[in-house]
Amino acid sequence: MMKKFLLAAVLVSCLFGTSCKKDSVQPTDKPVDEDKEILLRDSTYYYSLVFSLWEDKLPQPKVDAKGDADLKAFTNPYKTSEEVLDALRKYATDDRFSFVDRAGTVSEEIQQGVYKETGATPIYLTTVDQNNNEETKLYIKLVQKNSPAEKAGLKRGMRIVSINGDSKLDYATDEKQNFKNFYKLINGEGTLNLVVQTAGETKTQTISVAANAYNIDPILIKKIFTVGNKKVGYLFYTSFVNVYSQSGTNAYYTAMVNAFKEFETANVNELVVDLRYNGGGSTSSAELLANLIAPTATAKGKMYDYKVNKNLVEAGWVDESDPKAPFRSVNFNKTNSLNLSRVYFLGTTGTASASELVINVLKPYMNVEIITTNGKGTYGKPVGFFGYPVVDEYADLYITSFQMLNKDGFGDYFNGLKGTKTDARDGFLTQLGEQNESMLATALDHIATGSYSAKASARSTKTAAERIQTPSQPDVNQYRKNMYKFSEQRLPILPIQN
């Protein structure tokens, strides 16, 4: 029998907390502290054993001559904490999510809503015109509100003809360069002088943009359509930024509540929520959106339960009788008067974590229509984590620690939530929120006719390039495809027994 080994009885200032300051899935420029890196590798293994949802599948530490846990016997072959996580994934094969946070990005983006980038999301599109001429070029898929890209005049559907004079932006060329230009458009490297071509136009224009910090407005579009005798609310939501601050609800909370007040005032009786590029974020934001959408009959009904490992269960973190237990069941708290029987969600494989949570918790209570693309569903992440500072806040660990199960006990969608209609088209060359944009038109046509037809998916995109395909895209900011639990609670680090 292995001797018990205990974690030091200290308090975790960032366990769910807003004081997390370290993160980055991207490498940082700060010098590497070799001693701290060694401790970080050991901490990654150690805390995975404590917090991981799949801790029972992980290899247990060997015992040294003193009978203590020998963490280095496992971690020494690896150079970085990230390599340790990769090694652990060979045992916990469902965990493609845990990561190390080195520079503060999660704290800034998800908790504070501060992004540091151009705000433009590119995409490679293969277009085939009426003469069967095919090309794969770089386009703008999304422009965040308040971003440098929006202020510079970049718009969805624009083709990037050149970047700082480089016109070799086809997929094959950029792939050989590790997608240098793709990432440059996101991250910015000094001022980017872009020659762009708006969809449906032959002329080009030059737009200059540089990365900068900005406060995101995740409510990209809010509209009300009239379809027959129905009023349809439409909400495009880009990120589940935390809706609470240390002093209580914040501006993101108020903006979301006010958006639904507008829907109520307009007597909306149908709702389309566009989460096609929303990779997730804070669970508190997901809970707010679910409460605003849910029918009044949900009242205080069950929203979801947590599934955690035996260590957290034994520590009482799911104890329903303890009001301070962080993983107690979450119930609906419906306070607004919008009373819908049906909701439409527009999704893609980029629709992840907190986005999927909203969809899943509503399914037991109302008719949920999921519209997706390419014969696929959503991303598939029914699990989440909290930031955990280690090695004197040298880095934060995000170890996948909990799974959410809806009222019916369902939460096993690691392969994604399947769409009611899975062959809708994303109208990349049409502005989001326009009635003839293909995915939105699919939902509106169903509202109007009661069935899904090929009509909406064949809508014109204002250009002869009607047939659009999407090749495999480079990975972008994978930490955004996650579900984060934030709280002001301070809890002791847990002992682990063997």
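As the structure is a computational prediction, the values presented were derived from the model and not from experiment. Note that the numbering runs from 1 along the sequence shown for the chain. Below, all heavy atoms of this structure are taken into account, side chains as well, without hydrogens, waters or symmetry copies.
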Q: I'd like to check Ile370 versus Ile359 (side-chain heavy atoms, cut-off strictly below 4.5 Å). Are they in contact?
A: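 Yes, at least one pair of side-chain atoms sits under 4.5 Å.
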Q: Would you name the heavy atoms of Pro218 and Ser239 that are closest together and state the gap between them?
A: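 In this case the closest contact between Pro218 and Ser239 is CB-O, 3.2 Å.
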Q: Leu192 versus Lys184: any side-chain heavy-atom pair under 4.5 Å?
A: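 When only atoms from C-beta onward are counted, Lys184 and Leu192 do touch, with a gap below 4.5 Å.
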Q: May I ask you to check whether Ser98 and Thr400 show a side-chain donor-acceptor distance below 3.5 Å?
A: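 Short answer, yes.
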Q: Counting the benzene-type ring for Trp, do Tyr124 and Tyr139 have ring centres under 6.0 Å apart?
A: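 Between Tyr139 and Tyr124, which both carry aromatic rings, the centre distance is not below 6.0 Å.
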Q: Hey, do the aromatic rings of Phe332 and Tyr365 have their centres closer than 6.0 Å?
A: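 Ring centres of Tyr365 and Phe332 closer than 6.0 Å.
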Q: Considering residues, nucleotides and ligands other than Lys90, do more than 12 of their heavy atoms fall under 6.0 Å from its NZ?
A: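 No - once you tally the heavy atoms of other residues, nucleotides and ligands closer than 6.0 Å, there are 12 at most.
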Q: Taking atom types as modelled, is there a side-chain donor on Thr238 or Gln144 under 3.5 Å from an acceptor on the other?
A: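 Result is yes, a qualifying pair exists.
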Q: Restricting to salt bridge (charged side-chain N to carboxylate O under 4.0 Å, His left out), what partner residues turn up for Asp95, sequence neighbours left out?
A: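 Counting only residues at least two positions away or on another chain, Asp95 forms no salt bridge (charged side-chain N to carboxylate O under 4.0 Å, His left out).
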Q: Looking at side-chain heavy atoms only, is the closest gap between Leu288 and Val257 below 4.5 Å?
A: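 Side-chain contact under 4.5 Å: yes.
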Q: Begin from the C-alpha positions of Lys307 and Met404 and carry the test side chain to side chain contact (heavy atoms under 4.5 Å, CB included) through to its verdict.
A: CA-CA 6 Å; Lys307 176 183 176 182; Met404 276 90 155; over 6 Å; no
Q: When you compare the side chain of Asp68 with that of Val63, does any pair of heavy atoms fall below 4.5 Å?
A: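 Result no, sub-4.5 Å side-chain heavy-atom pair not found.
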Q: Would you mind reporting whether Asp274 and Ile221 have side-chain heavy atoms less than 4.5 Å apart?
A: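 No, side chains not in contact.
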Q: Classify the ring geometry between Tyr304 and Tyr306 as parallel (under 30°), tilted (30 to 60°) or perpendicular (over 60°).
A: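 Tyr304 and Tyr306: perpendicular rings.
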Q: Can you say whether the rings of Phe327 and Phe402 are parallel (under 30°), tilted (30 to 60°) or perpendicular (over 60°)?
A: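 Geometry flag for Phe402 against Phe327: tilted rings.
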Q: Would you say Ser355 and Tyr237 are linked by a side-chain donor-acceptor pair, where the criterion is simply a distance under 3.5 Å?
A: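 Side chains of Tyr237 and Ser355: no pair found under 3.5 Å.
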Q: Side chain to side chain contact (heavy atoms under 4.5 Å, CB included), that's the test. Do Tyr277 and Thr121 meet it? Break it down for me.
A: CA-CA 10 Å; Tyr277 309 139; Thr121 303; over 6 Å; no
Q: Restricting to non-hydrogen atoms, name the atom on Thr173 and the atom on Lys168 that form the minimum distance, rounded to 0.1 Å.
A: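 Distance-wise, the nearest heavy atoms are CG2-O, 3.8 Å.
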Q: Go through the side-chain N and O atoms of Thr136 and Asp170 and say whether any donor and acceptor fall under 3.5 Å apart.
A: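 No pair is found: no donor N or O on one side chain lies under 3.5 Å from an acceptor on the other.
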Q: Using a 4.5 Å cut-off on heavy atoms from C-beta on, say whether the side chain of Ile163 contacts that of Asn181.
A: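 A side-chain contact under 4.5 Å exists here.
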Q: Minimum heavy-atom separation for Asn311 to Val50, with atom names?
A: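 Distance-wise, the nearest heavy atoms are ND2-O, 3.1 Å.
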Q: Does CG belonging to Asp64 count more than 12 external heavy atoms closer than 6.0 Å?
A: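 Yes.
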Q: Under 4.0 Å between a Lys/Arg side-chain N and an Asp/Glu carboxylate O for Lys324 and Asp322?
A: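 Salt bridge between Lys324 and Asp322, a charged N being under 4.0 Å from a carboxylate O: no.
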Q: Got more than 12 heavy atoms from elsewhere within 6.0 Å of NZ, Lys79?
A: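 No, NZ of Lys79 has 12 or fewer neighbouring heavy atoms, counting only those of other groups under 6.0 Å.
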Q: If you look at every heavy atom in Leu312 and Ser401, which pair is closest and at what distance?
A: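 Nearest heavy atoms, Leu312 then Ser401: CD1-O, 4.4 Å.
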Q: For the residue pair Phe179 and Tyr183, categorise the inter-ring angle as parallel (less than 30°), tilted (30 to 60°) or perpendicular (more than 60°).
A: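 Rings of Phe179 and Tyr183: perpendicular, as their planes differ by over 60°.
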Q: Would you say the side-chain atoms of Asn212 and Lys116 include a donor-acceptor pair closer than 3.5 Å?
A: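 Distance-only check fails for Asn212 and Lys116.
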Q: Side-chain donor-acceptor pair under 3.5 Å between Asn406 and Asn360, yes or no?
A: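 Yes, a side-chain donor-acceptor pair sits under 3.5 Å.
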Q: Please lay out, stage by stage, how Tyr91 and Asp56 fare under the test side chain to side chain contact (heavy atoms under 4.5 Å, CB included).
A: CA-CA 10 Å; Tyr91 302 90; Asp56 58 328; over 6 Å; no
Q: Is there a ring-ring contact (aromatic ring centres under 6.0 Å, His included) between Tyr388 and Tyr47 once you walk through the steps?
A: CA-CA 9 Å; Tyr388 196 97; Tyr47 293 127; 4.5 Å; yes
Q: When you check the side-chain N and O atoms of Thr351 and Glu356, is any donor under 3.5 Å from an acceptor?
A: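 Their side chains do not contain a donor-acceptor pair, so the 3.5 Å distance test is not met.
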Q: Any heavy-atom pair between the side chains of Gln403 and Pro382 that's under 4.5 Å?
A: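 Pro382 vs Gln403: side chains touch.
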Q: Please report the closest heavy-atom contact between Ile140 and Ala120, naming both atoms and the distance.
A: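 Closest pair (atom of Ile140, atom of Ala120, distance): CD1-CB, 4.1 Å.
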Q: For Glu37 and Thr80, run side chain to side chain donor-acceptor pair (under 3.5 Å): C-alpha distance rounded to whole Å, both residues' side-chain angles, the deciding distance at 0.1 Å, then the answer.
A: CA-CA 7 Å; Glu37 283 293 319; Thr80 66; over 6 Å; no
Q: May I ask you to check if Lys141 and Phe428 form a cation-pi contact, with NZ or CZ under 6.0 angstrom from the six-membered ring centre and within 45° of the axis?
A: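 Because its charged atom misses either the 6.0 Å distance or the 45° angle limit, Lys141 does not stack over Phe428.
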Q: Is the closest basic N to carboxylate O distance between Arg102 and Glu82 below 4.0 Å?
A: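 Between Glu82 and Arg102 there is a salt bridge, with a charged N closer than 4.0 Å to a carboxylate O.
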Q: Within a 6.0 Å radius of atom NZ on Lys376, are there more than 12 heavy atoms belonging to other residues, nucleotides or ligands?
A: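 For Lys376, atom NZ is not crowded (no more than 12 foreign heavy atoms under 6.0 Å).
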Q: Closest approach of Ser81 and Leu397, non-hydrogen atoms and distance?
A: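 Closest approach of Ser81 to Leu397, heavy atoms only: OG-CD2, 4.2 Å.
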Q: Is Lys180 salt-bridged to Asp174, going by a charged N under 4.0 Å from an acidic O?
A: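 No.
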Q: Taking the basic N atoms (NZ, or NE/NH1/NH2) and the acidic carboxylate oxygens, is any pair closer than 4.0 Å for Arg156 and Asp426?
A: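 Here Arg156 pairs with Asp426 in a salt bridge, since their nearest N and O are under 4.0 Å apart.
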Q: Just to verify, which of Tyr344, Phe345, Phe236 counts as forming a side-chain contact (heavy atoms from CB on, under 4.5 Å) with Val273?
A: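 Considering Tyr344, Phe345, Phe236, a side-chain contact (heavy atoms from CB on, under 4.5 Å) with Val273 is found only for Phe345.
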Q: Who are the salt bridge (charged side-chain N to carboxylate O under 4.0 Å, His left out) partners of Asp70, not counting sequence neighbours?
A: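 Salt bridge (charged side-chain N to carboxylate O under 4.0 Å, His left out) list for Asp70, sorted by chain: empty.
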Q: Which is it for Thr118 and Asn187 under the side chain to side chain contact (heavy atoms under 4.5 Å, CB included) test, yes or no, and what are the steps along the way?
A: CA-CA 6 Å; Thr118 65; Asn187 299 322; over 6 Å; no
Q: Quick check for you: to the nearest 0.5 Å, what is the distance between Arg159 atom CZ and Leu125 atom CG?
A: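 These two atoms lie 11.0 Å from each other.
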Q: I'd like to know if the side chain of Ser282 pairs up with that of Asn242 as donor and acceptor (distance under 3.5 Å, no hydrogens or angles considered).
A: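 A donor-acceptor contact under 3.5 Å links the two side chains.
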Q: Could you check whether Phe386 and Phe51 have their ring centres less than 6.0 Å apart?
A: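 For Phe51 and Phe386, the ring centres are under 6.0 Å apart.
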Q: I'd like to check Thr348 versus Thr372 (side-chain heavy atoms, cut-off strictly below 4.5 Å). Are they in contact?
A: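 Not touching, per the 4.5 Å side-chain cut-off.
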Q: Over 60° means perpendicular and under 30° means parallel, so classify the ring planes of Phe99 and Phe385, tilted if in between.
A: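 Geometry flag for Phe99 against Phe385: perpendicular rings.
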Q: Any salt bridge (Lys or Arg N to Asp or Glu O under 4.0 Å) pairs touching residues 145-155, not counting sequence neighbours?
A: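 Only Lys145-Asp217 qualify under salt bridge (Lys or Arg N to Asp or Glu O under 4.0 Å).
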